[in-house]
Amino acid sequence: RTPRKMVDYDDVLQFSLSIAVQGADIVKKFVAEQRDLQTETKADQSRVTAADKAANDFLVDALEKKYPQYRTIGEESVGAITQGLDEGVVMYVDPIDGTESFIHNVPEFAVMISMSENGIPTFGLIQNIMTGELVYAVAGKGTWQQKPGESSPSRVHCDNNPGPDNITCAKSSFRPNPVCDAITTAAGVTKTFKRGSAGLKMCTVATGEAHIYMHFSLKASVWDTCPGSIILKEAGARFGIIHDRKVCELKYSGTSCAHKTEWFVCIPALWDKVCAALVEQGLVDAP
């Protein structure tokens with residue numbers, strides 16, 4: 001057997017950066033031309049538009065041509081998955097994360113491209129489609145943010161030492177959840193703000209704007225969690241997913257892309273409080 005070649009992450013990053021901009025341009029054209037979005041409801045009750053499909057097709061096609069040696073899975077073109085997600089290198093595409101924001105004309109939706117190796121997230125890129133703000137990470141290389149108007153990215157870290165009056169939660173714009181509110185209150189949250197797109201909310205924790213985000217809608221899939229989880233890890237934050245009544249690290253396996261469970265992200269300083277609150281709410285067993 002010939003040994004599998006190492007992934008050239010510099011190449012993956014540079015190519016992903018270039019096609020993310022092009023994918024965003026496809027979506028922005030729908031906005032600028034006020035095109036009919038042809039909105040449909042998927043099996044999981046989430047919505048999809050013609051813009052999602054057009055950007056998905058462009059991004060998946062570009063990655064498959066550039067990296068035929070890797071599997072590429074796009075949210076709007078999943079198809080049948082016959083090989084485990086913990087086998088080899090897989091690339092993921094979410095053409096519009098935050099479709100509800102997009103439909104409601106709120107500029108909080110993102111293009112996301114990511115990669116896992118043997119089920120472990122190793123690369124993630126999240127770009128706000130309307131503002132151009134960019135956050136990305138490669139395993140072992142840190143998390144980087146480039147704001148609109150900046151000529152180069154800066155390395156960022158989570159804020160693991162907020163004062164007690166500054167502990168901030170990023171919340172969903174469209175899915176209020178009283179259980180999440182109870183947990184974040186128990187963790188000491190005193191400030192909240194709403195943001196569309198799970199990916200953009202994860203970025204707020206990675207960059208220090210927020211300190212915790214709870215995702216309890218049960219609708220997330222691997223293309224939602226892969227980019228944000230590596231961005232958070234490289235910024236010093238943590239990602240926890242509930243599995244068999246325990247809080248676990250994120251690792252993909254099997255042939256289903258859907259998580260169908262609760263997950264959360266937070267700074268290390270809040271981890272124990274959040275885990276205790278999850279026990280209190282009956283979501284996980286006491287350790």
Step by step, work out the side-chain contact (heavy atoms from CB on, under 4.5 Å) result for Glu262 and Leu218. CA-CA 6 Å; Glu262 299 88 352; Leu218 310 185; 3.8 Å; yes
Any side-chain heavy atom of Glu150 sitting closer than 4.5 Å to one from Gln145? no
How long is the straight-line distance from CD of Glu100 back to OG of Ser172, given to the nearest 0.5 Å? 9.0 Å
Of all heavy-atom pairs linking Cys226 and Ser229, the shortest is O-OG, 3.0 Å
Give a yes or no on this: more than 12 heavy atoms of other residues, nucleotides or ligands lie within 6.0 Å of atom NE2 of His243. no
Can you list everything that forms a side chain to side chain contact (heavy atoms under 4.5 Å, CB included) with Ser253? Sequence neighbours excluded, please. Asp86
Listing request: all side-chain hydrogen bond (donor to acceptor under 3.5 Å, both in side chains) pairs with a residue in residues 186-204, at least two apart in sequence or in separate chains. Asp97-Ser197, Asn166-Lys191, Arg195-Glu209
Does Gln127 reach the main-chain N or O of Gly132 with its side chain, forming a donor-acceptor pair under 3.5 Å? yes
When rounded to the nearest 0.5 angstrom, what distance separates NE2 in His259 from CG in Asp224? 7.0 Å
Apart from Ile231 itself, members of its ILVMFWY cluster (side-chain separation under 4.5 Å) are Met112, Ile126, Val135, Leu200
Side-chain heavy atoms under 4.5 angstrom apart, residues restricted to Ile, Leu, Val, Met, Phe, Trp, Tyr: same cluster for Tyr9 and Val89? yes
Any Cys257 side-chain heavy atom under 4.5 Å of Ile73 side chain: yes
Once the angle between the rings of Trp144 and Tyr136 is folded into 0 to 90°, is it parallel (under 30°), tilted (30 to 60°) or perpendicular (over 60°)? parallel
Under a 3.5 Å distance rule, please check whether Arg71 uses its side chain to pair with a backbone N or O of Gly88 as donor and acceptor. no
Report yes if some heavy atom in the side chain of Ile183 is under 4.5 Å from a heavy atom in the side chain of Leu283; otherwise report no. yes
Do Thr225 and Tyr252 pair up side chain to side chain, a donor and an acceptor below 3.5 Å, judged on atom types alone? yes
Side chains of Val27 and Val111: closer than 4.5 Å at any heavy-atom pair? no
What are the two closest heavy atoms between Ala187 and Lys273, and how far apart are they? O-CD, 3.7 Å
When Val247, Ile242, Ile241 are each screened for side-chain contact (heavy atoms from CB on, under 4.5 Å) with Trp263, the one that passes is Ile241
side-chain contact (heavy atoms from CB on, under 4.5 Å) between Val284 and Lys246, intermediate numbers included: CA-CA 5 Å; Val284 301; Lys246 290 195 284 288; 5.9 Å; no
Flag side-chain contact, heavy atom, 4.5 Å: Met214 against Lys171: no
Checking the side chain of Thr122 only, and the main-chain atoms of Met115 only, is there a donor and an acceptor separated by less than 3.5 Å? yes
Minimal heavy-atom distance between Ser101 and Gly196, with the atoms involved, is OG-CA, 3.4 Å
Identified side-chain contact (heavy atoms from CB on, under 4.5 Å) counterpart of Leu232 within the set Leu250, Thr143, Ile267, Val265: Val265
Under 4.5 Å between any side-chain heavy atoms of Leu63 and Phe15, yes or no? yes
Taking every non-hydrogen atom, the tightest pair across His215 and Ala220: NE2-CB, 3.7 Å
Side-chain contact, heavy-atom cut-off 4.5 Å: Pro148 with Glu133? yes
Are Glu108 and Met130 close enough, and set up right, to give a side-chain contact (heavy atoms from CB on, under 4.5 Å), and what steps lead you there? CA-CA 8 Å; Glu108 295 170 359; Met130 297 310 291; over 6 Å; no
From Ser116 OG over to Trp223 CH2, what is the distance, rounded to the nearest 0.5 angstrom? 12.5 Å
Same apolar cluster: Trp271 and Phe216, side chain cutoff 4.5 Å: yes
Give me the atom names and distance for the closest heavy-atom approach of Asn128 to Pro107. ND2-O, 3.4 Å
Check: Phe102 and Ile129 side chains under 4.5 Å, non-hydrogen atoms: no
Could you list all the salt bridge (Lys or Arg N to Asp or Glu O under 4.0 Å) pairs where at least one residue sits in residues 276-287, not counting sequence neighbours? Arg245-Asp285
Pair Asp61 + Lys65: basic N to acidic O under 4.0 Å: yes
Atom OG in Ser221, atom NZ in Lys260: separation rounded to 0.5 Å? 8.5 Å
If you round to the nearest 0.5 Å, how far is SG of Cys158 from CD1 of Ile212? 12.5 Å
Test of understanding: with side chain to side chain contact (heavy atoms under 4.5 Å, CB included), list the residues that count as partners of Ser16, not counting sequence neighbours. Val12, Met91, Ile113, Phe123, Leu125
Over all heavy atoms of both residues, which pair between Thr184 and Cys169 is shortest? Give the atoms and the distance, please. CG2-SG, 3.8 Å
Tell me whether Val179 is reachable from Val279 by hopping between hydrophobic residues (I, L, V, M, F, W, Y) whose side-chain heavy atoms are closer than 4.5 Å. yes
Using a strict threshold of under 4.0 Å (side-chain N to carboxylate O), is an ion pair present between Asp11 and Lys66? yes
Are Phe30 and Phe58 in one and the same hydrophobic cluster, where Ile, Leu, Val, Met, Phe, Trp and Tyr link if side-chain heavy atoms are under 4.5 Å apart? yes
Cluster link Leu134 to Val138, ILVMFWY, side chain under 4.5 Å: yes
Side chain to side chain contact (heavy atoms under 4.5 Å, CB included) involving Val60 - partner list, sequence neighbours excluded: Asn56, Glu64, Thr72, Ser77, Val93
What's the spacing between Ile120 CD1 and Lys233 NZ if we round to 0.5 Å? 7.0 Å
Evaluate the criterion side-chain contact (heavy atoms from CB on, under 4.5 Å) for residue pair Asp52 and Phe109; output intermediate values, then yes/no. CA-CA 11 Å; Asp52 290 86; Phe109 46 92; over 6 Å; no
